Amino acid sequence: GGPSAATRRVHGPDPGPVQGRTSRPMSDVAEQATSPMGPGRTYLGPSERVYRRDDTSAVLRLSEAEAAVLAGGPDDPPTGDIADQRMILNMGPSHPSTHGVLRLMLEMEGEAILRSKAVIGYLHTGMEKTAEDLTYLQGPTNVTRMDYAAPLFSELAFSMAVEQLLGLEVPPRATWIRMLMCELNRVSSHLLFQATNGMDLGAVSMMIYGWREREEVLRFFEKVTGLRMNHNYIRPGGVAADLPDGWQADVRRLLELIPPRLDEYDTLLTGQPIFRGRLQGVGVITPAEALALSTTGPILRSTGYAWDLRRDQPYLAYDEVEFDVIVGTHGDSFDRYAIRQNEIRESLRIVEQILDLMPAGDYRVQDKKVTPPPRARIDESMEALIHHFKIFTEGFHVPQGETYAAVESPRGELGCYLVSDGGPKPYRMHIRGPSFVNLQTLPHLMEGGLIADGVAVISSVDPIMGEVDR
């Protein structure tokens, strides 16, 4: 058993703790996580080092060429006291422990990490540049592949940006369908985190359980959109198709299935002394540091800073539903685990309200210049055939201008900056990927910890490399 995970939430300006005590430092674990070299440390010993000797930051500013010079050849014998030698170690890119093709260059003294540098770009596919060659209708098929654990949020941000440029008002039913799908996608994303986080820390059975529950959500997605991932379901003007018959029963089944399983996760992990020992006091970040690094999502909220775009800058119909913003106290890896655990509960709470408040009506805007006609109309109307042909060949034209639309994804603020020159394709598109921004915190979270703690820290950041590299 043991206490349940981070249960306190905030529905106002004052954050509440998720771990009970509010004082810092929280435990001896936090003290053990400080740098092994002490507060007056000077990282850089020998004067012949090729990198900056006066640099005391957590970030390793070292090129790969310089790292090769420092590493020497395979025949170079070690000199001096081996225990006191610092070394440059490459960690990754290996998929399980670095959550994708993320590579870390670590400056280490024994098992202690002194400084680190994230090396990215192994999954770069040029999606933002590709967007310039795709029509606005084709755009969601591109952005949905960025954060492949939460694809509907990328589709939503892009569609909202296009709708702002068009001046479109989405029908109420489409708005609530978007909310339903996104909150269920938040649940599936956090379930994936619980699965991989457990496996990273040695709780291998958690991988099976988290995957099992996520599979139930993906099964519902497949019924609605036709695909388990990369849906292309949320499109400018609404959604691709209405909810299928019997969707309420499917959603109620999820609402009955998942909460008891979350209680099982609490029993398995939350009160487990080894699990808590691996996470509490590990990867600590303060509110000031998180804000300075532009961090958002569970990492920022773990510091006690209650910032959630659904509440602070409402979009869709989030101002019409009741939910709490889960915050932490200590800003450590356990807070980030517990926040995601309880955000699943809050998302299910929102979904339950959506079941009762879902309006009738159109699932997409009835504008022939933007929305393709129904398939049956193409056989009956020449005008419908022309509209269908124009939309899927040339695309619809968007007024000249620029805009930014942001949503609260499972990892933080996901924004889409869009520039239109008046044509049928974006002139420029840029995505503010929360995984990319949050990755800046890694050197600060890992500084002074052990390499085993590094795996726990990477997992707690929950980066999606498709969104980082794009």
Side-chain angles (χ1 to χ4, degrees), residues 51 55 57-68 70-71 88-108 113-131 142-151 153-154 157 189 192-193 196-197 200 230 283 285 289-290 292-300 333 336 409-417 428-447 449 451 453-470:
Y51 52 93
D55 185 1
S57 74
V59 182
L60 178 62
R61 293 176 172 86
L62 190 68
S63 72
E64 295 184 38
E66 291 168 336
L70 284 176
I88 303 298
L89 180 72
N90 276 303
M91 181 178 176
S94 57
H95 188 277
S97 62
T98 57
H99 285 242
V101 282
L102 170 64
R103 174 183 166 205
L104 293 169
M105 291 174 62
L106 308 175
E107 182 191 358
M108 304 191 62
I113 299 172
L114 304 182
R115 293 185 296 177
S116 59
K117 171 185 176 181
V119 183
I120 62 174
Y122 292 95
L123 207 59
H124 177 60
T125 46
M127 290 180 175
E128 292 170 329
K129 193 66 178 176
T130 301
N142 179 39
V143 298
T144 191
R145 287 163 170 78
M146 294 181 180
D147 183 351
Y148 38 76
F153 292 90
S154 302
S189 177
L192 177 64
F193 162 80
T196 54
N197 183 62
D200 286 343
N230 304 336
I285 188 170
E289 291 169 340
L293 292 167
S294 301
T295 306
T296 53
I299 301 179
L300 177 59
S333 297
R336 294 189 280 277
S409 92
R411 284 153 199 88
E413 180 178 336
L414 170 62
C416 177
Y417 172 70
R428 288 288 186 272
M429 185 189 79
H430 175 65
I431 296 292
R432 185 213 185 269
S435 292
F436 176 76
V437 180
N438 292 346
L439 212 59
Q440 295 181 106
T441 62
L442 275 183
H444 305 273
L445 296 174
M446 298 173 73
E447 181 186 16
I451 193 166
D453 295 333
V455 176
V457 167
I458 296 169
S459 180
S460 75
V461 172
D462 192 25
I464 298 294
M465 298 309 296
E467 184 179 77
V468 173
D469 292 338
R470 298 193 293 279

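Note that the structure is predicted; figures quoted are calculated from it, not measured.
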Closest heavy-atom pair and its distance - S116, P443: OG-CA, 3.2 Å
Distance (rounded to the nearest 0.5 Å) between I120 CD1 and L102 CG: 8.5 Å
From CG (L445) to OG1 (T295), nearest 0.5 Å: 8.0 Å
Between R103 and Y122, is NZ or CZ placed under 6.0 angstrom from the six-membered ring centre and within 45° of the ring axis? no
Side chains of V437 and T296: does their closest heavy-atom pair fall under 4.5 Å? no
Between the main-chain N or O of N438 and the side-chain N or O of T441, is there a donor-acceptor pair closer than 3.5 Å? yes
Would you say the side-chain atoms of S435 and E467 include a donor-acceptor pair closer than 3.5 Å? yes
Determine the minimum heavy-atom distance between E413 and R432, stating which atoms define it. O-NH1, 2.8 Å
What distance separates R336 CZ from N197 CG, expressed to the nearest 0.5 Å? 10.0 Å
Under 4.5 Å between any side-chain heavy atoms of S459 and F193, yes or no? yes
Under 4.5 Å between any side-chain heavy atoms of L414 and I431, yes or no? yes
Please find the pair of heavy atoms, one from P434 and one from S409, that lie closest to each other, and give the distance. CG-OG, 3.6 Å
Any side-chain heavy-atom pair from I285 and H444 closer than 4.5 angstrom? no
For A149 versus R411, what's the shortest heavy-atom pair and its separation? CB-NH2, 3.6 Å
Starting at CZ of R470, measure out to OG of S154 and round the result to the nearest 0.5 Å. 10.0 Å
Looking only at atom types and distance, does a side-chain atom of N142 sit under 3.5 Å from a main-chain N or O of T130, one as donor and one as acceptor? no
From CA spacing to verdict: side-chain contact (heavy atoms from CB on, under 4.5 Å), L123, V468: CA-CA 8 Å; L123 207 59; V468 173; over 6 Å; no
Evaluate the side-chain contact (heavy atoms from CB on, under 4.5 Å) criterion for residues E107 and I113: first the C-alpha distance (whole Å), next the side-chain angles of each, then the deciding distance (0.1 Å), finally the verdict. CA-CA 6 Å; E107 182 191 358; I113 299 172; over 6 Å; no
A456 to S333 - nearest heavy-atom pair and separation: O-OG, 4.3 Å
Least distance between heavy atoms, E447 atom then L114 atom: CG-O, 3.6 Å
Begin from the C-alpha positions of D469 and T125 and carry the test side-chain contact (heavy atoms from CB on, under 4.5 Å) through to its verdict. CA-CA 7 Å; D469 292 338; T125 46; over 6 Å; no
Roughly how far apart are L439 CG and I299 CD1, rounded to 0.5 Å? 9.0 Å
If you round to the nearest 0.5 Å, how far is CE of M465 from OH of Y148? 7.5 Å
Would V143 and M127 satisfy side-chain contact (heavy atoms from CB on, under 4.5 Å), going step by step from the backbone distance to the final call? CA-CA 7 Å; V143 298; M127 290 180 175; over 6 Å; no
Hey, does N90 have a side-chain heavy atom less than 4.5 Å from the side chain of M105? yes
